Amino acid sequence: MTLIRRALVAVGVAGGIAAVLRLRGSGGTPPQRGGWRELSPDELR
Amino acid sequence: MRVAVVGLGAVGTRAARQLASTDAVTEVVLRDERSPRVTEVASALGAKARPELGPYPSVPEADVVVIATPAGTQVDLARALVGRGTPVVTTSDAIDDVSALLDLGPEADARGVPLAIGATFAPGLTCVLARFAADQLDTVDEIHVARIGTGGPACARQHHDSLRGTALDWRDGGWQRRPAGSGRELNWFPDPIGAADCYRAALPDALLLVPAFKGVGRVTARLAATRRDRLTAPLPMLRRPHPEAGLGAVRVEVRGRADDGIRVEILGAMDRPGVAGGAVAALAAVELGSGRALRAGAGGLAELVEAKSFLAELGRRGVKAARFG
């Protein structure tokens, strides 16, 4: 019984940690703007 | 201005076409070992073209000469032209060629002649983009060049060979030799090319960029390649190269310092490599022939032309540079 309870606690804790990591992520949100754009005439003047 | 183009492959033909449509150019002398090719290109270019059929006992008479023959065949002609005091634009991107052409530097310098080395899509345009990016910075720490695509058959063969050679990188004041095909890196090229895996290869970019940017810490060059390219690189080409490939692109990343701290400038361009390479070679010839080279001697375009005006004129000719950010 103790073994099962400890296993359930371990699974719960691991799930909690996984959920936090999944939500927070490690790299943040990918860039939503930017990219390649032609050099404008002003930049080449 | 009278300009000679020696070698009428994918790049040479495009360079000749660009020159023929340049107001400052009055005559374009055409040479190629294949006489029918000379006649064919001359008839397509119109009144400014002046075909010269081989064999050629002497160097062409011109104010500036573009050498667009295959890699391994450019050095002797360049040496003869420099010895005669004629400005030269070369297009080879083979390390041996570029190294031998750089060795002509002292003689070219002594004679007051500019010798532009590797004036095509990459190197060439990449050198100009690196200079443009560096001009936005106070100091340059690193330059990383990547390219994808090939021009004509000679370019395709060079691409194949470069994946089995030895890559030459500059790191912390010394040259590093690494096996070509190693060092995979995912690079994002201008649209619509997008992302491609790039690898070290026997490319001459570092040889041209290191002298142009004194004190730079790292210079690397990578080439986009597929698994099949890398697998078959040690073998002879299994099939004939295509007459002309599709779109290609270059990407130049320059890291350095400015007033606001560490900055990364990323520039690129997308076009058919043969077309863009021809435009770069032609424009370089016009700059050198007009006496607008920034100095005499041998070097890449990063040292010999003014980056902003060069990119502006290249844009008017249809090869447009782009910035990432």
Side-chain angles (χ1 to χ4, degrees), chain A, chain B residues 125-126 128-137 146-148 186-196 247-254 258 263-271 276 279-280 283 287 305-325:
Chain A
M1 193 62 198
T2 308
L3 185 66
I4 294 171
R5 196 166 59 237
R6 284 179 180 169
L8 287 173
V9 169
V11 167
V13 169
I17 291 171
V20 168
L21 290 177
R22 178 76 179 84
L23 288 175
R24 285 196 66 224
S26 58
T29 308
Q32 302 295 302
R33 61 193 174 86
W36 288 101
R37 60 167 181 80
E38 269 181 28
L39 288 179
S40 66
D42 286 343
E43 290 174 288
L44 295 173
R45 200 162 288 142
Chain B
L125 179 55
T126 52
V128 181
L129 291 173
R131 171 59 65 197
F132 179 82
D135 287 346
Q136 326 284 313
L137 306 170
R147 59 193 263 198
I148 182 170
L186 185 67
N187 280 302
W188 291 85
F189 292 94
D191 304 320
I193 303 293
L247 288 175
V250 294
R251 177 186 185 277
V252 179
E253 179 175 333
V254 179
R263 264 191 24 207
V264 180
E265 295 281 336
I266 300 174
L267 296 163
M270 181 278 304
D271 210 316
V280 171
L283 190 50
E287 293 292 301
V305 300
E306 206 282 309
K308 270 189 185 177
S309 59
F310 194 92
L311 290 175
E313 177 58 27
L314 210 52
R316 283 191 281 276
R317 291 171 183 249
V319 182
K320 296 185 185 299
R323 184 197 291 275
F324 187 85

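Order of the sequence lines fixes the chain letters, A, B, ..., with proteins taken first and strands second; residue numbering starts at 1 for each chain. Bear in mind the structure is a predicted one, so any value in this text is a computation, not a measurement.
Scanning residues 38-45 of chain A against chain B with a 4.5 Å heavy-atom cutoff picks out A:E38, A:L39, A:E43, A:L44, A:R45, ordered by number.
Partners of B:R147 under the side-chain hydrogen bond (donor to acceptor under 3.5 Å, both in side chains) rule, at least two apart in sequence or in another chain, are B:D93. Residues passing the ring pair (Phe, Tyr, Trp, His ring centres under 6.0 Å) test with A:W36 are B:F324, sequence neighbours excluded. Annotation: side-chain contact (heavy atoms from CB on, under 4.5 Å) contacts of A:V9 (sequence neighbours excluded): A:V13.
Applying the 6.0 Å contact sphere to CG of B:L186 captures more than 12 heavy atoms from other residues, nucleotides or ligands.
For B:F310, no part lies under 4.5 angstrom from a heavy atom of chain A.
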